[in-house]
Each structure stands twice: as C-alpha cells, then as structure tokens.
Engineer: 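My questions will all concern the structure given below.
Bear in mind the structure is a predicted one, so any value in this text is a computation, not a measurement. Below, chain A is the first sequence line, B the second, and so on; all start at residue 1.
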2 protein chains.
Amino acid sequence: METIPKENGSTTAATPIRAATNPMVTPLLTDLYQFTMAYAYWKAGKHLERAVFDLYFRKNPFGGEYTVFAGLEECIRLIANFHFKKDDISFMRSVMPNCEDEFFEYLTKIDCSDVEVYAIPEGSVVFPKVPLIRIEGPVAVSNSNVVLVVQLLETPFVNLVNYASLVATNAARHRFVAGKDKMLMEFGLRRAQGPDGGISASKYCYIGGFDATSNVAAGNLFGIPLRGTHSHAFVSSYMSPDEIVVKSLRSHDGSSTCMDFLTLVRTWLSKLQSSESFRGVFGETNQSELAAFTSYALAFPNNFLALVDTYDVMRSGIPNFCAVALALNDLGYTASGIRLDSGDLAYLSSEARNFFLSVEKEFNKSGFGKMAVTASNDLNEETLDALNKQGHEIDAFGIGTYLVTCYTQAALGCVFKLVEIKDQPRIKLSEDVTKVSIPCKKRCFRLYGKEGYALVDIMTGEDETPPKVGQRLLCRHPFNESKRAYVVPQCVEELLKCYWPGSSNKPREELPSLKKVRERCMQQLEQMRSDHMRRLNPTPYKVSVSAKLYDFIHFLWLSEAPVGELQ
Amino acid sequence: METIPKENGSTTAATPIRAATNPMVTPLLTDLYQFTMAYAYWKAGKHLERAVFDLYFRKNPFGGEYTVFAGLEECIRLIANFHFKKDDISFMRSVMPNCEDEFFEYLTKIDCSDVEVYAIPEGSVVFPKVPLIRIEGPVAVSNSNVVLVVQLLETPFVNLVNYASLVATNAARHRFVAGKDKMLMEFGLRRAQGPDGGISASKYCYIGGFDATSNVAAGNLFGIPLRGTHSHAFVSSYMSPDEIVVKSLRSHDGSSTCMDFLTLVRTWLSKLQSSESFRGVFGETNQSELAAFTSYALAFPNNFLALVDTYDVMRSGIPNFCAVALALNDLGYTASGIRLDSGDLAYLSSEARNFFLSVEKEFNKSGFGKMAVTASNDLNEETLDALNKQGHEIDAFGIGTYLVTCYTQAALGCVFKLVEIKDQPRIKLSEDVTKVSIPCKKRCFRLYGKEGYALVDIMTGEDETPPKVGQRLLCRHPFNESKRAYVVPQCVEELLKCYWPGSSNKPREELPSLKKVRERCMQQLEQMRSDHMRRLNPTPYKVSVSAKLYDFIHFLWLSEAPVGELQ
C-alpha cells in the first residue's frame with residue numbers, strides 16, 4: 001500500500017494518509033468541464049485567487065429528516081495523494097489539443113498542499129444546507145492554485161460522498177426499523193453498481209449500523225465481520241445421500257468419532273417422523289436436501305446454518321435441518337440456525353419457531369427452541385416494518401438489492417458551490433428557493449437542549465462570536481423571514497473540523513478507524529429526538545443561520561438578482 | 001498493464017486477455033458463502049464433478065420487453081486472470097479458521113484453465129430465461145475443479161453483468177425516445193455508486209447508444225468521446241469584466257489579433273440591446289456572467305459553449321452568449337452553442353432558437369440560427385418523452401442521475417443456476433413459476449422472419465438437431481402448455497459462442513473493441529420489431545423451448561416436486 005505522508009512540519013498528526021481504497025480514484029476521475037474550467041481560470045490568471053467552496057446537499061433522502069454523512073476518509077485520501085502522472089497529462093493533451101503547453105506543465109506540478117479542508121466528522125448525522133465539507137485556499141500563500149485544484153476535486157468529492165452517505169443513511173433507516181437487537185447483514189454485492197459499488201455498500205452499510213457483510217473483499221479491506229452459509233445451488237447439486245463418501249465426524253470435545261454421521265442423521269429424522277408432535281406436519285423429506293445439509297454439517301459442524309426453502313420449508317427443510325442439528329447435538333455441537341429466502345417470512349419463521357420449541361420439549365433439548373432464524377429475499381425498510389406489524393420470529397436479516405441500490409432514492413444530490421472568492425461572498429441564485437446557496441465562509445454549530453438531544457444547527461459568519469452555553473441566541477430560517485426562534489443551548493458542538501490543514505498551522509484531525517466511525521454514527525443517532533427519526537411524517541430538524549448572516553444573505557440576494565419589468 | 005496470455009495451444013485466438021479494468025476485481029470479490037460452499041464441496045469430494053451453470057435474468061427491466069447484454073468482457077478478463085494471491089489465502093484462513101489446511105493449499109493452485117465459458121456476444125439484445133453465459137466443466141479432464149471454481153465466480157459474474165446490462169438497457173431506452181439524430185451525453189459520474197459505478201456507467205451507456213461522456217477517466221480507459229463546458233460556479237467566480245486582464249485574441253486564420261476582445265463583445269452587446277428585434281426582451285445583462293463567457297471564449301475560441309441559466313436565461317444568458325458568439329464570429333470562429341440546466345427546457349429552447357434566428361436575420365449571420373442547444377437537469381426517459389410531445393429545439397441532451405442510478409429499476413436481477421451436474425440435469429423449483437429454472441445444458445437460437453426481424457428465441461437440448469432455415473419448427477412456452485407456435489425461420493443464429501475454451505479444442509471468440517460492441521448493439525436494436533420496443537405496452541418477445549426440452553422439463557418437475565396431502 002502506497003503511503004504519502006504529509007510533508008508539513010506544522011501538522012501535529014503523525015499518521016500518514018493512505019492512497020484511495022480504489023486505485024481508480026485518480027485526478028482523472030472527474031468531469032471534463034473541470035479541466036476546461038481549470039484551463040479558463042489559468043488563462044485568465046484566476047487560478048491564483050483564494051476561494052471557498054462548500055459541499056452540501058439540499059434534501060434528506062428516503063422521505064426522512066436525517067442523513068448520515070460518509071465518504072470523508074476517501075476524499076481526504078484523494079487530496080493527500082493528488083498529483084497527475086505523466087500518462088494523465090499526455091491524455092489530457094490529446095483531449096484538449098488547442099490548449100497551451102504551459103498549462104499542462106502547470107498541471108504536472110499541482111497538488112493539494114495549499115488547500116485546507118474542514119469537514120463534519122464521518123458518521124455524523126447531518127442536515128440539508130449545512131456544509132459537510134468546506135474547501136478553501138490559504139490565507140497567506142501567494143501562489144496557490146486553489147480555485148483550479150478545487151474545481152478538479154468537485155466531481156470526485158461529490159462522487160465519493162454522494163453514494164456513501166446515501167447508503168449509510170439507508171442502512172441506518174433499516175436498523176431503526178429492525179430494532180437494536182436484530183442482526184443485520186448486507187448481502188448486496190451481486191446487485192450493486194459494479195465491483196466497488198459493492199465494496200462501498202458493504203463499508204457504508206456497516207457505518208450506518210449493519211453488523212456484517214457477505215462481501216469477502218470488503219471484509220478483507222475494512223475488517224468488517226463476514227457472514228454466509230450456502231445457496232440453493234448447493235442443495236441442488238446433491239442428488240442423494242449416497243453421494244456422501246466421508247461420513248465420519250469427530251465430537252466437539254475431540255473425545256470420540258462418529259463413524260457414520262449420516263446414519264445418526266437418519267435416525268433422528270425417523271424419530272422426528274414418528275413423533276406424535278409432528279404427525280401430519282411432514283412425511284418423506286427431500287433426500288437431496290438431506291444430503292446437502294449433512295454434507296454441510298460435516299464441513300462446518302461448529303457453524304451449521306442451513307437454507308431450508310429449496311424444496312418445501314415445513315415439509316422438508318425444517319425437519320431435515322432438525323435431524324442434522326440433533327445429530328450434531330449428540331456430538332456436542334450446537335447448530336447455528338436456518339435461513340429462509342422465500343415465501344411468507346412472518347408465517348414461516350413462526351412455524352419454524354414452533355417446530356424448534358416442540359423439538360426442545362419432545363426430546364428435552366434445552367435451548368433448541370432459541371435456534372436462530374435468518375431471513376432474506378428482497379427485504380427493505382417497508383417489508384421490515386410490515387414484518388414487525390405481523391409479528392415474526394426472525395433474529396437476523398440478510399438485506400441486498402434494495403439496501404445497496406437505494407431503490408427509493410436515486411441519489412443524495414450533493415452539490416459543491418463557490419461561496420467566497422477573493423474575500424467576496426458569492427451566492428448562487430435560483431427561482432427555486434431551495435436551490436439558492438448560502439454565501440460566505442461559515443462556521444457551523446449544533447446546539448443541544450436539556451435532555452441531550454440536538455435542537456438546531458446554526459451557521460454563522462466566520463468572524464461572529466460563536467454560540468455559548470446558557471446564552472440566548474436567535475436562530476433564523478435562512479430564507480423564510482417569519483421562521484425564527486430563540487434557543488438557549490445546554491451544549492454547543494462546532495461541526496467543521498480541520499482534516500487537511502494545507503499550508504496553515506492548524507492541527508489535523510486524525511482519520512478514525514471504521515469501527516470508531518460506526519460508533520460515532522450510533523451515538524449521533526441516539527442524540528436525535530425520536531420524532532425526527534420516525535418513518536411516518538417525521539418532524540424536520542431545524543437548520544438555521546445567525547441574524548447577522550440572515551441579513552447579509554438577503555442583502556446579497558437583492559444586489560445580485562436582476563430587476564424585472566412588469567409588462 | 002498486466003496481461004496473462006492463455007497458455008493453450010488449441011486456441012486459435014492470439015490476443016492475450018487483459019486484467020480486469022478495476023484492480024479491485026479479484027477472486028476475493030465474492031460472497032463468503034461461495035467459499036464455505038467451496039469448502040463443503042471439497043470436503044465431500046464433489047469439487048471434481050463436472051457441472052453446468054447458466055447465468056440469466058427473469059424479467060426485462062424498466063417495464064420494457066428487451067434488455068441489452070453487457071459486462072461480458074470484464075467477466076472473461078476475470079477468469080483469464082483468476083488466481084489467489086498469498087495474502088488472499090492468509091485472509092481466508094483467518095475467516096475460516098476451522099477449515100483444513102489442505103483446502104487452502106488447494107485454493108492456491110486453482111485457476112480457470114479447465115472451465116469453458118459460452119456467452120451471447122456483448123451488446124446483443126437479450127431476453128429473460130435465455131442463458132447469457134453458460135459455464136461448464138471439461139468433458140475429458142479428470143481432475144477439474146469446476147463446481148468449486150464456478151461457485152466462486154457466481155457473485156462477481158452476476159455483479160459484473162447486472163449493472164452493466166441494466167445501465168446499457170437504460171441508455172438504449174433513452175436513445176430510443178430521444179431519436180437517432182440527437183446527441184446524447186452521459187453526465188452521471190457524480191451521482192453514480194462510487195468511482196467505478198461512474199466508470200461503468202460511462203462505458204455501458206456508450207454501448208447502449210450514448211455518444212459521449214463527461215467522465216475523463218472513462219475517456220482515458222475506453223476511448224469514449226469526452227464532452228463538457230463549464231459550471232455555474234465558473235460563472236459565479238467572476239465579479240465583473242474588469243477581472244479580465246489578458247484581452248487579446250488571435251483570429252481563427254491567424255492573420256490578425258484583436259487586442260481587446262472584451263470591447264468587441266461589449267460592442268455587440270450594445271448592438272443587440274439597441275436592436276429593434278430585441279426591444280423589451282432584455283435590458284441590462286449580468287456583467288459577471290458576461291465576464292465569465294468572455295473569459296471562457298478567450299480560452300476556447302474554437303469550442304465556445306456557454307451555460308446560460310446562472311442568472312436569467314432570456315434576460316441575461318442568451319444575450320450575453322450571443323454578444324460573445326458574434327464577437328468570435330468577427331474573428332472567424334464559430335461558437336458551439338448553449339447549455340440549459342434549469343427551468344422549462346421546451347419553452348426556453350424554443351425561445352433561444354427564436355433569438356438565434358432573429359440574430360441571424362438581423363445581422364445577416366448565416367447559420368447562427370442553427371446554434372446547438374444542449375439541455376441537462378434531471379432528465380430521464382419520461383422527461384425526454386414529454387419534451388418530444390411539447391415540441392422543443394434541443395439538439396443534445398446531457399443525462400446523469402436517472403440514467404446512471406437506473407432509478408426506476410433497482411437491479412436486473414441476474415441469477416446463476418446449476419442446470420446439470422455429473423450429466424444429471426438439475427431444476428430449481430419454486431412455487432413462483434417465473435423462478436423455476438430451465439434444466440440441462442442447452443443450445444440457444446434466435447430465429448428471424450422474412451423482414452429480417454427477430455421472431456423468437458428457442459432453447460434446445462444439447463444433442464437435438466438445430467433449427468434449420470426454411471424448416472417448420474414447434475416453439476413451446478417453457479411452462480405454459482397452451483402457448484406454442486410453429487415457426488419457419490428465414491435465418492437462424494446460434495446465440496452462445498465460446499469465449500473461453502478451457503481445456504477443450506474449441507476456437508475462442510475474440511473480445512471485440514468497445515466500438516464494435518456498440519455497433520452490434522445498434523444493429524441488434526434495429527432488428528427488433530418496433531412493437532417490442534415501444535414504451536407503452538410493448539409486445540413481449542417470445543422465448544421458447546423445443547418440444548423435446550419441454551417434455552423433459554415437465555418430466556423432471558414432476559419427479560422432483562413433493563406430493564402434498566390435502567388435509
């Protein structure tokens with residue numbers, strides 16, 4: 001792994017910042033217009049101007065009122081390693097054949113050492129309009145190239161934050177509906193947008209509150225716990241128990257060896273078949289399935305978890321599973337449970353639970369009734385909610401397609417806007433008021449109330465006195481004159497921290513481990529009032545500006561907007 | 001670029017197969033259960049059994065009746081370079097600590113040299129149930145490891161085909177609505193699922209009929225034409241024309257130099273303002289915008305294309321653009337056109353066209369009225385259709401979010417099913433008949449009618465006589481007894497071709513260039529009857545099986561399905 005330490009004596013953080021996880025994240029991963037604009041800036045001599053850009057989004061996704069911010073680490077890795085290779089420059093020359101040679105020579109020299117990046121910590125709960133990342137030029141360096149470089153960063157930053165935050169939010173929403181005590185597994189690799197769509201999904205679903213993934217590459221890259229058992233194809237691949245050649249299994253404590261585990265399984269199946277409790281529930285079970293389960297148990301006696309719906313859950317899968325689990329039990333092993341991948345999951349999980357409880361009772365197998373039930377098959381937030389309403393006996397959910405593709409929300413819609421250049425605040429106007437940008441280099445704070453819940457986020461100008469604990473403060477809606485409220489914060493959190501000090505003297509925030517980011521996310525979600533979190537008609541969380549910033553925004557707006565003529 | 005040529009004297013194709021485009025595509029990019037199953041196969045000695053798997057999908061996406069197959073090249077690259085590295089093996093040991101050492105030693109040795117892969121050519125129009133890819137074990141090699149390896153390939157193959165085909169189909173649908181004469185540009189990088197979500201989107205949208213992308217990395221990797229101009233931020237970054245320092249511009253033919261291009265632009269703006277044609281249309285235009293346009297034209301006099309909606313399209317953007325375009329015209333340059341990124345695109349494009357036509361007439365500037373109008377801003381299939389119905393003057397569309405995220409369809413839902421093992425056909429049953437798999441190693445043919453249109457796809461058993469031109473043939477619905485038809489094909493195309501011969505003697509199909517794949521796609525779409533292609537209530541294309549295969553499927557179904565008891 002290539003690591004490029006920041007060569008800057010002023011940074012206190014010693015940990016070098018690694019290259020982007022995906023080697024395809026290079027300075028070329030951007031829109032062509034970033035290069036054409038960069039050239040135009042360069043031609044006009046504007047590439048040396050100090051500028052401030054905000055990255056933010058305009059609307060919470062999934063019809064909710066909160067968003068989980070993710071993707072920051074990859075952005076910082078990109079800028080820490082930002083430079084053009086010779087081949088990149090040759091390619092750009094071929095794409096822009098009429099541009100001056102000096103520009104390409106200039107490109108070979110640029111990096112992000114003059115750029116300062118401030119951001120809300122990854123894993124935070126965030127809201128529309130508040131900058132997630134602020135990128136700015138240096139105050140004191142004369143020959144910086146901030147406008148130019150930052151322009152090149154727009155596309156990859158938005159790309160890296162957009163899906164990461166969207167899928168982390170989706171995961172948090174799934175967790176919210178499923179409840180804290182359920183195991184949530186991300187099974188989306190095959191349905192994601194290509195290879196690192198899948199790898200990103202695993203990483204950011206973990207941040208949002210999932211427990212594990214099926215994706216081995218993500219487990220390897222990020223240390224996310226891995227889970228998985230077997231598929232229908234495994235069951236179909238067996239034709240009969242005769243195929244099982246090696247039938248012996250050592251007992252769990254190693255003290256003895258069962259020479260014919262298959263016969264032990266069959267004995268248990270007969271006992272189940274002839275038991276009073278299961279009369280009429282099942283007759284002959286599918287023997288291919290029995291063979292597959294037996295074979296799988298021989299390979300994984302410590303983690304026997306079987307997919308029970310290849311043929312018929314209650315008439316074949318569950319009895320076959322119980323026969324194998326009971327045989328394992330005889331040898332001191334405890335089976336892990338079953339997976340349901342089709343049908344009425346609420347009903348089947350309850351029926352399975354009853355079956356397990358009957359086995360526990362009938363054969364006096366303590367704990368057998370608590371056998372874990374995993375469910376998969378096109379699950380999403382809605383189906384989890386519906387299952388809760390119906391009542392179910394599912395302990396773990398494997399969720400794929402709708403989680404990783406974020407089906408109900410195409411994109412988070414992050415934008416990257418110029419808010420100041422050469423110390424002049426800039427505003428982007430629009431007839432749609434939600435699209436008007438909030439100008440100026442800003443500071444952002446979260447104010448907490450008595451019960452520890454977040455009350456409001458407030459943006460202020462850079463030079464304003466920051467909000468103080470116990471001090472009454474007017475918070476204004478940025479665009480709606482009549483919406484304003486006084487707040488007396490019990491706790492004030494400054495949101496934007498320095499993750500890349502550029503040529504400034506500021507200390508750099510360390511990039512926390514994935515586990516720490518996940519913990520922050522869990523903790524932040526706890527600090528939200530439940531009415532902001534509920535699925536149906538959640539209360540919008542308030543995002544405000546200071547009175548001073550409010551006045552300035554509206555002054556700027558009037559001075560920029562064209563005066564129409566009524567005709 | 002690492003290339004691993006196939007060491008097999010029997011293959012006629014000489015071109016080595018390159019590594020996967022994304023270096024993250026490794027044998028670890030798979031679900032954990034593929035490894036646990038592989039271990040169970042290995043423990044049971046089943047890893048040496050010959051097997052056949054089909055990769056197919058069950059339903060056309062986007063409410064349509066056709067799909068474009070894409071992603072094949074990346075699948076072939078994966079298998080051509082399939083081997084575990086030492087680190088991969090160490091990681092797998094840590095994930096599966098109770099598995100035998102010999103298994104991991106075995107993993108270090110496996111590759112795909114014994115696997116045969118047959119596929120429909122990439123860029124083909126394809127239909128549900130027909131295998132897109134068939135993977136199988138060797139006939140003659142005794143110690144193959146096909147079941148095991150193929151199991152490991154399931155997840156990455158499905159991952160690589162699923163999104164590729166989905167987004168290529170989405171692109172083809174956009175092209176169908178936009179019409180052949182429009183320029184279509186993919187602008188989705190910032191909204192895609194991470195870095196190679198974006199790169200894949202660019203590649204597969206090009207296959208599906210797009211003309212260009214904004215994604216520089218995709219342009220570099222695949223040679224896709226690049227397009228892009230400037231953003232709102234570029235416009236906002238200018239405060240006034242005074243910022244333009246270097247104002248000179250050489251004429252197009254190099255014969256003279258205009259020392260003050262800005263004054264030339266201002267002169268033209270005055271002419272427009274005082275012209276009879278535009279009285280009341282606009283007054284003072286925004287001077288920051290004028291500065292930005294002038295600056296951009298100085299940088300790109302040969303490709304001046306301006307985003308005209310930062311302030312007000314008709315009162316500022318269009319007049320400012322025309323002033324700069326007319327000034328360029330004086331120096332022998334031809335401006336490229338405008339981009340609209342907000343508002344009523346049908347109305348604004350028509351108004352812009354009228355303005356251009358008035359300029360052409362008023363100032364006798366031949367061709368000015370034909371100025372290209374590009375539109376972007378949350379476009380999708382529906383909005384293109386709506387624009388067509390309203391009437392518009394747009395020449396080119398830049399499409400992002402809804403194209404690349406495939407908003408209206410979460411995933412294609414490809415599956416990978418075992419259809420034969422040890423020469424025994426396997427069927428996957430389900431209470432949902434659309435989920436029943438079609439067993440057996442199969443041959444697949446497309447039958448064409450008199451007018452050159454595709455009539456029906458038919459699957460047959462491997463040993464059946466293939467369909468012949470002019471010979472009447474019964475085509476049966478695989479599951480619906482009453483649906484059947486006689487067909488006399490005028491042309492018969494075998495669909496599955498050998499892309500990876502493994503240890504067989506078959507010649508290997510070359511992997512065509514991206515351009516060729518795109519051409520095939522365009523040609524295949526032409527060969528579809530228009531009623532299959534229309535957006536509203538398209539006619540389903542027929543997918544059938546031979547009479548013999550039909551009988552066999554239903555024989556197998558009965559023999560596998562459990563007999564219930566009415567209670």
Engineer: Nearest heavy-atom pair of B/Phe282 and B/Arg315: which atoms, and what distance?
Structural biologist: CB-O, 3.6 Å
Engineer: Please classify the contact of B/Asn302 with chain A as side chain, backbone, both or neither, using a heavy-atom distance under 4.5 Å.
Structural biologist: side chain
Engineer: Which atoms of B/Leu298 are under 4.5 Å from chain A, going by heavy atoms: the side chain, the backbone, both sets, or neither?
Structural biologist: backbone
Engineer: In terms of heavy-atom pairs under 4.5 Å with chain A, which of B/Thr229, B/Val95, B/Val158, B/Leu166 leads?
Structural biologist: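 If we count pairs closer than 4.5 Å to chain A, B/Thr229 comes out on top.
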Engineer: Is a donor from one side chain sitting under 3.5 angstrom from an acceptor on the other, for A/Thr310 and A/Glu289?
Structural biologist: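 There is no such pair between these side chains.
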Engineer: For the interface with chain B, which of A/Asp309, A/Thr408, A/Thr30, A/Thr213 has the highest count of heavy-atom pairs at distances below 4.5 Å?
Structural biologist: A/Thr30
Engineer: Relative to chain A, which of B/Ser94, B/Cys406, B/Ser231 shows the most heavy atom pairs under 4.5 Å?
Structural biologist: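 Sorted descending by pairs with chain A, the first entry is B/Ser231.
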Engineer: B/Asn220 versus chain A, heavy atoms under 4.5 Å apart: side chain, backbone, both or neither?
Structural biologist: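 For B/Asn220, the contact with chain A is made by backbone and side chain together.
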Engineer: In terms of heavy-atom pairs under 4.5 Å with chain B, which of A/Ser437, A/Ala292, A/Gly219, A/Ser200 leads?
Structural biologist: A/Gly219
Engineer: Looking at A/Thr285, A/Ile427, A/Asn98, A/Thr405, which has the largest count of heavy-atom pairs under 4.5 Å with chain B?
Structural biologist: A/Thr405
Engineer: Is B/Glu74 in contact with chain A via its backbone, its side chain, both, or neither, using a 4.5 Å heavy-atom distance?
Structural biologist: neither
Engineer: Looking only at heavy atoms, which two atoms of B/Tyr41 and A/Ala233 are closest? And how far apart?
Structural biologist: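 Taking every non-hydrogen atom into account, OH-O, 3.9 Å.
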Engineer: How far apart are the closest heavy atoms of B/Ser202 and B/Asn215, and which atoms are they?
Structural biologist: OG-ND2, 3.2 Å
Engineer: Please answer whether the main-chain N or O of A/Val404 pairs with a side-chain N or O of B/Gln193 as donor and acceptor at a distance below 3.5 Å.
Structural biologist: yes
Engineer: What is the minimum heavy-atom distance between A/Val216 and B/Phe91, and which atoms define it?
Structural biologist: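 Closest pair (atom of A/Val216, atom of B/Phe91, distance): O-CE2, 3.6 Å.
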Engineer: Can you say whether B/Phe234 sits under 4.5 Å from chain A via the side chain, the backbone, both, or neither, judging by heavy atoms?
Structural biologist: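 Contact with chain A: backbone and side chain both.
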Engineer: Counting heavy-atom pairs under 4.5 Å with chain B, which one of A/Gln34, A/Lys435, A/Lys43 comes out on top?
Structural biologist: A/Lys43
Engineer: Can you tell which part of B/Glu420 gets under 4.5 Å to a heavy atom of chain A, answering side chain, backbone, both or neither?
Structural biologist: neither
Engineer: Nearest heavy-atom pair of B/Thr401 and A/Ala410: which atoms, and what distance?
Structural biologist: CG2-CB, 3.9 Å
Engineer: Which answer fits B/Tyr238, side chain, backbone, both or neither, if we ask what part of it has an atom under 4.5 Å from a heavy atom of chain A?
Structural biologist: both
Engineer: Does any heavy atom of chain A fall under 4.5 Å from the side chain of B/Val161, the backbone, both, or neither of them?
Structural biologist: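 Contact with chain A: none, neither part.
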Engineer: At a 4.5 Å cut-off on heavy atoms, which part of B/Ile199 comes close to chain A: side chain, backbone, both, or neither?
Structural biologist: side chain
Engineer: Checking heavy atoms, do the side chain of B/Met239, its backbone, both or neither come under 4.5 Å from chain A?
Structural biologist: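 Contact with chain A involves both backbone and side-chain atoms of B/Met239.
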Engineer: Between B/Gln424, B/Arg426, B/Lys247, B/His230, who has the most heavy-atom pairs with chain A when the cutoff is under 4.5 Å?
Structural biologist: B/Arg426
Engineer: Below 4.5 Å, heavy-atom pairs only: which of A/Leu160, A/Asn303, A/Asn22, A/Asn286 has the largest tally toward chain B?
Structural biologist: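 Between A/Leu160, A/Asn303, A/Asn22, A/Asn286, the count favours A/Asn22.
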Engineer: Given heavy-atom pairs under 4.5 angstrom as the criterion, report whether the side chain, backbone, both or neither of B/Asn162 touches chain A.
Structural biologist: side chain
Engineer: So which of B/Ser236, B/Ala411, B/Ala44 has the largest heavy-atom pair count under 4.5 angstrom toward chain A?
Structural biologist: B/Ser236
Engineer: So for B/Thr21, is it side chain, backbone, both, or neither that comes closer than 4.5 Å to the heavy atoms of chain A?
Structural biologist: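 Looking at B/Thr21, backbone and side chain both touch chain A.
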Engineer: Below 4.5 Å, heavy-atom pairs only: which of A/Gly343, A/Ser214, A/Ser295 has the largest tally toward chain B?
Structural biologist: A/Ser214
Engineer: Sort B/Ser342 into side chain, backbone, both or neither according to what part of it lies under 4.5 angstrom from a heavy atom of chain A.
Structural biologist: neither
Engineer: Classify the ring geometry of A/Phe300 against A/Tyr296: parallel below 30°, tilted from 30° to 60°, perpendicular beyond 60°.
Structural biologist: tilted
Engineer: Go through B/Ser316, B/Ser288, B/Gly188, B/Gly413 and name the one with the most non-hydrogen pairs under 4.5 angstrom from chain A.
Structural biologist: B/Gly413
Engineer: For B/Leu152 and B/Ala38, which heavy atoms make the closest approach, and how far apart are they?
Structural biologist: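 Shortest heavy-atom contact: CD2-CB, 4.4 Å.
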Engineer: For chain A, find which of B/Lys422, B/Glu243, B/Arg191, B/Met96 contributes the most heavy-atom pairs closer than 4.5 angstrom.
Structural biologist: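 Greatest number of close heavy-atom pairs with chain A: B/Arg191.
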